[in-house]
Amino acid sequence: MTHGTYMRKIIDYANRADPYPLYSELRKTPVLRDEDGPYLVSTYWEIHGLLHDPRISSDRRNLNPEAARLVALEDEEDDPMLTPNFIRLDPPDHDRLRRIAMYPFGPPHTPRRIHDMRGELARIVSGLIDDFQGRDGADLVDDFAYPFPVTVICRLLGVPRNDEPLFHDWADTIVAGADPDPDADATERRATVRRARTELSMYLSELIEDRRRTPSEDMLSALVHGDGPDGRMTHAELVSTASLLLIAGHETTVNLITNGMLTLLRHPGVLKRLHDDPHLAASLVEEVLRYEPPVQLLPQRTPLTDVDIAGVTIPKGESIWLILASGNRDPRRFPDPDRFDPDRKDNQHLGFGSGIHICYGAPLARLEAQLALTELARRLENPRLLEDPPPYRRNAVLRGPRHLPVGFDGVHAAREP
């Protein structure tokens, strides 16, 4: 089976450090089917429209058999333990599960959950930077951007932090399985991903049963014992939701923080502004989400009926890739889109998606990134890149540096609480 050249270029690791010239070329044809690959949608308004179109499905079971080969290879529907999580479902199932999952996390039922975590998040950030004392450099991925959101999501869900080495490998394998790779051995890849999902599901199933017997103050207990207007999740739904929150709760935030710090180190004037004025953090993080989004593309969408978009008819059941990062650099939507501008107005980026599947954890990710970047800018003395571009993760969907070696002359003291 031959796949299109643009699809291959997007996946090609050689373009990982700077995919934006490729996206610029792709936007010349807003909706493109390259040979017999997926339909690639690369312009802002077309992506935005499809994200809000009820005719577009997120459920891979609606793909035709040929198109299904181009997307993630998990076979959740074949195993009652591996029921699809809500980002892979359409209404009404998606809406019911998302409402239940939101009940203990945010408005309207738990409106202060994220706000009340600010002090705890700040202490975690401070402790991680304290560990840089006496050193002249660090890998900001391994030493900071990874352990910070992992610690946060473990505490939020109620997953023992000491179990991180267990679920780290499972998460890496599952995330890699969501990365389209037409050259990989499909059978072997499917088996590897399935094994990791099963082991993670068994681990979370045991935690859920423990919370059923002995509730705590964490979100997992709230999901197990909650009884809102939509009822309770089944055991399989609890496992799939917990798996989603555990993995998505740290993987994308690692990229957001790392992409943000890399961008700041490449723009020392903005870094100094953040050092001097922490109030810049909110708009700066929004610009990072536009300029270097942690999720580059959504490779799992399909029309439930033939859909016309930008003069192209996409037939029912075909695979659609929404190239979010390309839409974020569309000059028809953002003036001077290749310039990093933390003062940018009307910054309605696609960094968290849009529509009914807009990122569930966006409020937490925003706060984590704001605190992380502000404290790194304030406390690291004369920070500088040691490798540019740094080595990137192989994943084309969740794009970010695998390591970010940074040198510095010292570490300023933490603020008094």
Side-chain angles (χ1 to χ4, degrees), residues 81-83 85-86 97 100-106 110 113-114 116-131 139 141-177 193-226 232-257 360-361 363-365 367-368 371-372 398:
M81 273 283 285
L82 303 180
T83 186
N85 60 59
F86 60 77
L97 291 174
I100 297 173
M102 187 58 74
Y103 209 89
F105 184 68
T110 319
R113 166 77 76 171
I114 303 304
D116 290 346
M117 292 180 69
R118 177 178 285 272
E120 184 176 8
L121 299 183
R123 284 190 291 274
I124 297 169
V125 167
S126 186
L128 289 168
I129 299 177
D130 285 345
D131 290 341
D139 176 357
V141 176
D142 287 348
D143 297 336
F144 183 82
Y146 180 80
F148 172 37
V150 165
T151 300
V152 173
I153 198 63
C154 283
R155 292 187 186 178
L156 189 61
L157 277 178
V159 173
R161 181 64 173 83
N162 291 341
D163 288 349
E164 185 274 336
L166 274 178
F167 65 75
H168 186 135
D169 288 342
W170 296 330
D172 279 354
T173 301
I174 293 165
V175 167
V193 172
R194 187 184 184 86
R195 185 163 54 249
R197 287 181 56 82
T198 300
E199 290 173 356
L200 176 59
S201 295
M202 290 173 65
Y203 167 78
L204 290 171
S205 188
E206 290 179 12
L207 274 184
I208 288 166
E209 288 306 317
D210 179 68
R211 294 304 189 278
R212 209 181 295 280
R213 293 186 297 268
T214 312
S216 185
E217 296 299 313
D218 52 60
M219 269 186 64
L220 203 54
S221 297
L223 290 172
V224 169
H225 294 278
R232 295 185 184 180
M233 294 182 186
T234 66
H235 184 79
E237 290 168 345
L238 280 169
V239 170
S240 68
T241 300
S243 177
L244 168 67
L245 300 183
L246 180 61
I247 295 174
H250 73 270
E251 286 284 352
T252 52
T253 309
V254 174
N255 282 354
L256 176 56
I257 293 169
Y360 168 93
L364 177 59
L367 181 57
E368 288 175 312
L371 291 170
L398 297 176

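Hydrogens, waters and symmetry mates play no part in the numbers below; they use all other heavy atoms, side chains included.
Looking only at side-chain heavy atoms (C-beta outward), Thr151 and Ile124 come within less than 4.5 Å of each other. The side-chain heavy atoms of Leu364 and Leu156, taken from C-beta on, include a pair separated by under 4.5 Å. Val224 places none of its side-chain heavy atoms less than 4.5 Å from the side chain of Pro215. Between Val159 and Ile153, the closest side-chain pair of non-hydrogen atoms is not below 4.5 Å. In this structure, the side chains of Leu200 and Leu246 come closer than 4.5 Å at one or more pairs of heavy atoms. The closest side-chain heavy-atom distance from Ser221 to Thr214 is not below 4.5 Å.
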Practice task
For side-chain contact (heavy atoms from CB on, under 4.5 Å), just list the numbers for Val150 and His168, CA-CA rounded to whole Å, side-chain angles, deciding distance to a tenth of an Å, and then say yes or no.
Solution key: CA-CA 9 Å; Val150 165; His168 186 135; over 6 Å; no

Practice task
Apply the test side-chain contact (heavy atoms from CB on, under 4.5 Å) to residues Ser243 and Phe167: give CA-CA distance (whole Å), side-chain angles for both, the deciding distance (0.1 Å), then the verdict.
Solution key: CA-CA 10 Å; Ser243 177; Phe167 65 75; over 6 Å; no

Problem - Stepwise side-chain contact (heavy atoms from CB on, under 4.5 Å) test for Arg213 and Asp210 - result: CA-CA 5 Å; Arg213 293 186 297 268; Asp210 179 68; 4.0 Å; yes

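Between Ile129 atom CD1 and Phe144 atom CZ the span is 4.5 Å, to the nearest 0.5 Å. Atom CD1 of Ile208 sits about 9.5 Å away from atom CZ of Arg211, to the nearest 0.5 Å. Interatomic distance, Ser240 OG to Arg197 CZ, rounded to the nearest 0.5 Å: 8.0 Å. Leu157 CG to Leu207 CG: the interatomic distance, rounded to the nearest 0.5 Å, is 9.5 Å. The distance from atom OG of Ser201 to atom NE2 of His235, rounded to the nearest 0.5 Å, is 9.0 Å.
Ala196 is linked by a side-chain contact (heavy atoms from CB on, under 4.5 Å) to Trp170, Thr173, Ile174, counting only residues two or more places apart in sequence or in another chain. Under the rule for a side-chain contact (heavy atoms from CB on, under 4.5 Å), the partners of Tyr103 that lie at least two apart in sequence or sit in another chain are His109, Pro229. Among residues two or more places apart in sequence or in another chain, the side-chain contact (heavy atoms from CB on, under 4.5 Å) test is passed with Ala101 by Phe86, Met233, Thr241, Tyr360.
At a cut-off of 3.5 Å, with distance as the only test, no side-chain donor of Asn255 or Thr252 sits close to an acceptor on the other residue.
Residue pairs meeting the salt bridge (charged side-chain N to carboxylate O under 4.0 Å, His left out) criterion with at least one member in residues 232-256, sequence neighbours excluded, are Arg96-Glu237, Glu251-Arg393. Every pair passing salt bridge (charged side-chain N to carboxylate O under 4.0 Å, His left out) that includes a residue from residues 141-151 is listed here, sequence neighbours excluded: Arg135-Asp143, Asp142-Arg402. Each salt bridge (charged side-chain N to carboxylate O under 4.0 Å, His left out) pair with one or both residues in residues 155-175, not counting sequence neighbours, appears once here: Glu120-Arg155.
No close placement of the His250 and Phe148 rings is indicated, their centers lying 6.0 Å or farther apart.
Between Leu204 and Val239, the closest heavy-atom pair is CD1-O, 4.0 Å. Across all their heavy atoms, Cys154 and Pro160 have their closest contact at SG-O, 4.4 Å. Closest approach of Leu256 to Ala365, counting heavy atoms only: CD2-O, 3.8 Å. When every heavy atom of Glu368 is checked against every heavy atom of Pro149, the shortest pair comes out as OE2-CA, 3.7 Å. Considering every non-hydrogen atom in both Thr83 and Ala236, the closest pair reads CG2-O, 3.2 Å. Between Ile257 and Ala145 the shortest heavy-atom distance is CG2-CB, 3.9 Å.
Residue Arg212 qualifies as enclosed at atom CZ: its count of foreign heavy atoms under 6.0 Å is above 12.
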